[in-house]
Colleague: 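Supplied in structure tokens, the structure appears directly below.
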Amino acid sequence: MDGISLKSITLMVLIALVVWCSSIETCIARRGKHWRQSRYAAAASLSKKQGASHGHGHRSYRNGGSKPKPPPQSHKATPSPLPSPKPKEEVIPHKGYSYGPQSSVFNVLDFGAKGDGETDDTKAFQDAWAAACKVEASTVVVPAESVFLVGPISFSGPYCQANIVFQLDGTIIAPTDSRPWGKGILQWLEFSKLKGITIQGKGIIDGRGSGWWQDAPYEDPYDDEWKLIVPLNSTVQERPPMPVRNELSGKMPSVKPTALRFYGSFNATVTGITIQNSPLCHLKFDNCMGVVVHDITVSSPGDSPNTDGIHLQNSNDVLIHSSDLACGHGISIGSLGRDNTKACVSNITVRDVVMRNTMNGVRIKTWQGGSGSVQGVLFSNIQVSEVQLPIVIDQFYCDKRTCSNETTAVALSGITYEKIRGTYTVKPVHFACSDSLPCTGVTLTGIELKPLQERYHLYDPFCWQTFGELTTPTVPPIGCLQIGKPANNRVQSDHDAC
């Protein structure tokens with residue numbers, strides 16, 4: 001009995017040992033499995049620089065405890081997002097000038113401009129522009145109650161951002177010393193190869209051009225219209241009178257600059273400002289498309305030579321309205337088409353403009369012997385006061401005192417004049433078109449121009465090779481316009497096609 005009991009006890013102990021050892025191996029095996037998975041997850045986490053992304057459904061318990069160990073702070077249970085891209089470098093004005101966290105307004109004063117009318121502020125304007133150029137829809141501020149002396153400067157693209165605003169509320173004046181101009185520069189303030197550029201404000205651009213007018217009159221392009229300006233007590237002038245006002249130091253170069261020029265730009269706007277006393281043209285657009293000019297004032301003496309108020313050259317889709325011009329010439333269109341270039345101008349509208357004491361009112365002038373075309377031009381609701389020649393077309397323009405006759409010309413067609421009213425002092429209409437390429441589609445409506453004889457001989461309307469129609473009676477009667485089309489009207493050739 002005792003033997004049987006001892007064997008039974010021994011067998012039971014052996015069975016218990018086997019069961020116990022089996023339990024230990026299973027536990028160890030399980031712990032080993034969790035250790036491998038945990039290690040694999042940590043390795044994967046380190047390799048991807050993220051939180052642990054494997055084994056989220058398992059927990060590793062330490063010392064048999066029931067509470068899980070919180071994950072390390074540097075490795076969260078959910079994946080971390082990828083690193084954010086580096087933000088673009090913030091562009092702020094010079095000297096910390098800023099209107100917000102990322103400024104888009106650049107005041108020339110904060111770039112070193114003095115605005116005292118004596119210090120040369122050209123570099124400050126260059127630096128302000130360079131900063132604004134990098135920011136789309138930025139604004140360059142020329143503040144009010146300051147006068148800035150600025151030499152010849154180009155605010156240029158084509159790498160500038162679009163839709164920059166040049167906010168002009170102060171006054172910009174040109175140098176009166178001949179040295180900044182060198183041997184001659186074609187423009188003073190130039191905006192070139194830009195998209196959506198706007199100049200706006202209540203400020204003034206003053207070219208201080210009196211010395212240019214006096215010092216170099218004989219190098220000016222010669223207009224045949226001067227031959228018509230005959231004083232009542234004299235014969236044809238050898239040369240038009242020059243204003244005797246020379247405020248500049250030293251003789252100026254013969255090449256005169258335009259005050260404000262736009263070149264090769266799209267959607268350019270000029271509004272609100274005043275441009276005065278330019279050595280040559282006040283405002284010029286060359287090779288531009290999509291131009292709007294409104295509510296500007298242009299002022300210079302009426303006897304200042306070739307000081308066009310607004311000059312359009314090789315530009316298309318232009319609207320000019322609600323402006324006041326008192327200068328040498330009013331609005332001129334064309335003038336090129338020589339030296340293997342074409343004068344291509346189309347879709348021009350000029351309306352609601354006042355012109356006072358100018359030589360020409362609205363003028364289309366093209367180079368004799370040139371090529372290209374001017375078409376689709378409308379002049380509407382133009383008020384003229386004491387203008388010598390309110391309406392002019394000249395296909396024989398030349399910049400020499402003696403010019404040879406040419407058989408080719410720039411084609412002119414689709415020119416409309418409506419509601420041109422006021423007073424003239426020399427001749428109401430002057431149409432001088434080419435024998436080989438007459439002007440066609442010239443329409444006159446509501447023309448009321450009354451003579452005002454003060455200093456000059458008066459002339460009747462003049463037309464040469466000009467064809468079109470009179471839709472209403474005119475004052476004075478313009479019987480020289482030939483109704484219809486020329487007999488030899490030809491199809492537009494490659495010579496004048498644009």
Colleague: Is it the case that the side chains of Glu418 and Ser380 hold a donor-acceptor pair, with the cut-off being a distance below 3.5 Å and no angle test?
Modeller: yes
Colleague: Measure from the side-chain N and O atoms of Ser315 to the backbone N and O of Cys288, and report whether any donor-acceptor pair falls under 3.5 Å.
Modeller: yes
Colleague: Closer than 3.5 angstrom, by distance alone: can the side chain of Asp295 be matched with the main-chain N or O of Thr271 as a donor-acceptor pair?
Modeller: no
Colleague: Spell out, as yes or no, whether a donor-acceptor pair under 3.5 Å connects the side chain of Gln395 to the backbone of Val410.
Modeller: yes
Colleague: Test Leu189 against Ile153 for side chain to side chain contact (heavy atoms under 4.5 Å, CB included), laying out the working first.
Modeller: CA-CA 5 Å; Leu189 307 175; Ile153 186 173; 3.5 Å; yes
Colleague: May I have the step-by-step check of side chain to side chain contact (heavy atoms under 4.5 Å, CB included) for Tyr424 and Leu389, ending in yes or no?
Modeller: CA-CA 6 Å; Tyr424 68 94; Leu389 299 109; over 6 Å; no
Colleague: Only one of Thr307, Thr297, Asp206 forms a side-chain hydrogen bond (donor to acceptor under 3.5 Å, both in side chains) with Gln276, so which one is it?
Modeller: Asp206
Colleague: Look at atom OH of Tyr263 and say whether more than 12 heavy atoms of other residues, nucleotides or ligands are closer to it than 6.0 Å.
Modeller: no
Colleague: State, to 0.1 Å, how close Ser138 and Ala132 come at their nearest heavy-atom pair, and which atoms those are.
Modeller: OG-O, 2.8 Å
Colleague: Can you tell me if Ser323 uses its side chain to pair, donor with acceptor, with the backbone of Ile296 under 3.5 Å?
Modeller: yes
Colleague: Classify the angle between the aromatic ring planes of Trp181 and Trp212 as parallel (below 30°), tilted (30 to 60°) or perpendicular (above 60°).
Modeller: perpendicular
Colleague: Is the backbone of His311 close enough, under 3.5 Å, to the side chain of Ser332 for a donor and an acceptor to pair up by distance?
Modeller: no
Colleague: Can a salt bridge be assigned to the pair Asp308 and Lys284 using a cut-off of 4.0 Å between side-chain N and carboxylate O?
Modeller: no
Colleague: Working note: Asn314 + Asp286, criterion side chain to side chain contact (heavy atoms under 4.5 Å, CB included); need CA distance, chi angles, decisive distance, verdict.
Modeller: CA-CA 6 Å; Asn314 296 347; Asp286 190 354; 4.2 Å; yes
Colleague: From Met289 CE over to Ser265 OG, what is the distance, rounded to the nearest 0.5 angstrom?
Modeller: 12.0 Å
Colleague: Could you tell me whether a side-chain N or O of Asn267 sits under 3.5 Å from a main-chain N or O of Lys195, the two making a donor and an acceptor?
Modeller: no
Colleague: Ignoring hydrogens and angles, state whether a donor on the side chain of Asp352 or Asn381 is under 3.5 Å from an acceptor on the partner side chain.
Modeller: yes
Colleague: Donor-acceptor pair, Thr423 side chain versus Glu386 backbone, under 3.5 Å?
Modeller: yes
Colleague: Does Phe266 CZ have over 12 foreign heavy atoms under 6.0 Å away?
Modeller: no
Colleague: When you check the side-chain N and O atoms of Asn316 and Ser346, is any donor under 3.5 Å from an acceptor?
Modeller: yes
Colleague: Keeping the roles fixed (side chain from Thr358, backbone from Arg356), state whether a donor-acceptor pair exists under 3.5 Å.
Modeller: no
Colleague: Which pair of heavy atoms, one from Phe106 and one from Ala128, lies closest together, and at what distance?
Modeller: CB-O, 4.2 Å
Colleague: For His329 versus Cys327, what's the shortest heavy-atom pair and its separation?
Modeller: O-SG, 2.7 Å
Colleague: Tell me whether Thr474 contacts the main-chain N or O of Pro476 through its side chain, where contact means a donor paired with an acceptor under 3.5 Å.
Modeller: yes
Colleague: Can you tell me how the ring of Phe191 sits relative to the ring of Trp129, calling it parallel under 30°, perpendicular over 60° and tilted otherwise?
Modeller: perpendicular
Colleague: Is atom CG of Asp460 surrounded by more than 12 heavy atoms (other residues, nucleotides or ligands) closer than 6.0 Å?
Modeller: no
Colleague: Is the Phe285 ring parallel, tilted or perpendicular to the Phe262 ring (thresholds 30°, 60°)?
Modeller: parallel
